[in-house]
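Okay, so here's the structure we're looking at.
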There are 2 protein chains.
Amino acid sequence: MPLTGKRQPTIIDVARLSGVSKTTVARVLSGVGAVHSETRRRVEEAVRQSGYERNHLAFGLRTGRSRTLGLVIPDLSNPYWADLARGAQDKAEAEKRSLLIFSSDWDGERERRHLQALRQARVDGILINPAVTDDITLLHQTEAPVVVLGSSGERFPEFSSARSDVAQGVRLALDHLIGLGHRHVGLLIGRDRLGRSRFVSEARAHWQRQGLDAALLPAEEATYTVESGQAATARLFERAPGMTAVFAANDLMAVGAILAARAAGLVCPDDISIMGMDGVEAGSFTDPGLTTVDKPRYDIGVEATCLLLGAIDGTGDTVHAVLPCRLVERASVAAPSGLRTVRKKSA
Amino acid sequence: MPLTGKRQPTIIDVARLSGVSKTTVARVLSGVGAVHSETRRRVEEAVRQSGYERNHLAFGLRTGRSRTLGLVIPDLSNPYWADLARGAQDKAEAEKRSLLIFSSDWDGERERRHLQALRQARVDGILINPAVTDDITLLHQTEAPVVVLGSSGERFPEFSSARSDVAQGVRLALDHLIGLGHRHVGLLIGRDRLGRSRFVSEARAHWQRQGLDAALLPAEEATYTVESGQAATARLFERAPGMTAVFAANDLMAVGAILAARAAGLVCPDDISIMGMDGVEAGSFTDPGLTTVDKPRYDIGVEATCLLLGAIDGTGDTVHAVLPCRLVERASVAAPSGLRTVRKKSA
DNA sequence: ATGAAAGCGCTAACAG
DNA sequence: CTGTTAGCGCTTTCAT
């Protein structure tokens, strides 16, 4: 039964209570070095009695290892990042480490401050989805190992990274659409501060590889939110009336597309198919349920943390983990009803 | 341009570089105490040149204030808690503090470990939604100020707390339903480890206050998830065939109810009205859009952090902040179509 | 198997 | 206005 309002007991209190030196206490606490079993018992008893708990600040100062990790993501309340954060947190916890979490809102200045906070906290390592280009230098200023989250990892070959296989996911989605007979697919692409996501280029490349007409793959930009996805879809409807399907770079925008279709009096998937990307839970609530490419968000969090831990303790090379996506078929995608699409055979 | 791979510069390096004592450096760094402007300039220059950054571990050890806060919630990937966490994080950030975040999954043992980790990290304060009853003692063992999140705050009158006004929210929802003519409303209630939420008792109390028949307010238990809500709604349909509306204790279960209605061949809101509670974004994706009672999740996070900060620096009494809910009307609630409900006038 | 002493980087008296 | 000194709680040589 820990103390009644006094200050936290220290290793010295425990030493006094058990009649040994603080060195001995430290030894039984850390488990290294030989201690007489009877002495150990007495110390353990004193620990229990005093309610002693190691001061991590002192430990960290002395050893140079804070046993704390940092996570910098765009937005904790975005389910994609929340899921990833959850994975990182669970893995960190399993390794007896704590996680400091920050949201940057894609704001370079905020990100800079977060990185500084993490450096000051002397975290053992950092997981980050970089919001801005010039982070390259910022990241290099940092002593602690860094693991990059997401496809921007490619811009930092010197750091390990973990991301989903966007190219494969895009192929999965497009092949499904093409196989169903879609030849005119609108793209809903996100634009981060870094410019366009690799989603567009992968889609374009695969589309042409299939011998299809690039002109029939129009794209509209949005900002990864439902609202912006809805607006962008409306623009797509105007620009490309013959379009039979919409493929969004994330699920939130796809949900927006479903809403936009409904608002335009179109029935999904009868009049228009809608394909998402992420696998976020929200996609299962819509009507029709959202067919999507599931990214292993949680696992990316776990994997990234594993890589970081490896980098911290020296084992573990620089690796770029690329986790596969998975097609989740629900009801928002079907064969196009009419034959209003242009057809081409592959060359 | 910070160093080339050497160890992090310390206050002593800065002192040497600028030709003063470390005390003087500390003074310009903290801004307290008078320093000659020329000296200050030289020190600042040295700080810049060396890329010095304060070691928070040493700072915390010396001052006893780690400038770190802890947050323990059930599940970071649940949008309700993610939104709240976001609020806490933003406020903490604004006060130049970092946030250590943990998920307990309503598991007492995990929660215990998290609390221990926070104590060891010597956080300045803790925000927690307690998962288990016997936390009472656990929370009291903790030196750091505690602010309780959610309605379990009432079980800890000695700690400040922040929560939404569930009673008012329930009134809002029930009055809306009753005003529309509903007299037979199924309740979807969550059960946490602490037993039933106060949702049921508030609903029952208000229902009877309105002179309505308690027998026409059947309740089924679920676990705050879409799936469980769906199953519980199905049971409700069996138990209470005359029911014209379902009122769920959270939005995820309400979404489940919408799915269950659809599966049962019922049209919402024509055949059955569905009312949620939370205000989580997912409710706006469903078809029909979920009418719900919006809880100020983000603001609760902010407010709780404010209270905690107040408790930390001594200003600020123990207060129990109760934030109002707000009815969000979308399309899932309408007047009952038939007259298959029992009617009673208020006494 | 145990203890004494040094020191991680910083702040907070206390002198000058 | 500036420097000296002590010490936060812990680990880690180095003796014994």
**OP:** Would you indicate, yes or no, if D:dG3 has its OP1 or OP2 atom less than 4.0 angstrom from a side-chain nitrogen or oxygen of B:Ser21?
**Re:** yes
Original post:
Looking at C:dG9, D:dC10, C:dA12, which one has an atom nearest to any side-chain atom of B:Ala58?
Top reply: C:dG9
Original post:
Under 4.0 Å between a side-chain N or O of B:Thr39 and OP1 or OP2 of D:dT2?
Top reply: yes
Original post:
Do any side-chain nitrogens or oxygens of B:Arg54 fall under 4.0 Å of OP1 or OP2 in C:dT11?
Top reply: yes
**OP:** Please report the closest heavy-atom contact between B:Val148 and B:Pro130, naming both atoms and the distance.
**Re:** CG1-CD, 3.8 Å
Original post:
What is the distance, rounded to the nearest whole Å, between atom CZ of A:Arg62 and atom P of D:dT13?
Top reply: 8 Å
Original post:
Which listed nucleotide (D:dA6, C:dA1, D:dT12) is nearest to the side chain of B:Lys22?
Top reply: D:dA6
**OP:** Could you tell me which non-hydrogen atom of B:Lys91 sits nearest to which non-hydrogen atom of B:Cys306, and how far apart they are?
**Re:** CE-SG, 3.3 Å
Original post:
Would you call B:Arg41 and B:Glu44 a salt bridge, using N to O less than 4.0 angstrom?
Top reply: no
Original post:
Looking at D:dT4, does its base get a donor-acceptor pair with the side chain of B:Thr23 below 3.5 Å?
Top reply: yes
Original post:
So which nucleotide from D:dT2, D:dT11, C:dG9 ends up closest to the side chain of B:Leu61?
Top reply: C:dG9
**OP:** On DNA chain D, check which nucleotide each of B:Thr63 and B:His36 is closest to and give me the residue with the more 5' one.
**Re:** B:His36
Original post:
Given atom CD of B:Glu53 and atom P of C:dG9, what is their separation to the nearest angstrom?
Top reply: 15 Å
Subject >> Between C:dT2 (P) and A:Glu38 (CD): distance, integer Å >> reply: 10 Å
Original post:
Just how far, in rounded Å, is C1' of D:dT4 from CD1 of B:Ile12?
Top reply: 13 Å
Subject >> Residue of the set B:Leu29, B:Asp13, B:Val43 for which side chain to side chain contact (heavy atoms under 4.5 Å, CB included) holds with B:Tyr52 >> reply: B:Leu29
**OP:** Figure out the CZ/C1' separation between A:Phe59 and C:dC8, and round it to whole Å.
**Re:** 13 Å
**OP:** Nearest whole angstrom, please: distance from the C1' of D:dG9 to the CZ of A:Arg16.
**Re:** 13 Å
Subject >> Partner of B:Val20 under side chain to side chain contact (heavy atoms under 4.5 Å, CB included), chosen from B:Arg42, B:His36, B:Arg27 >> reply: B:Arg42
Subject >> Rounded distance in Å - CG (A:Leu57) to C1' (D:dT11) >> reply: 15 Å
Original post:
Quick one: B:Arg27 CZ to C:dC14 P, roughly how many Å, whole number?
Top reply: 14 Å
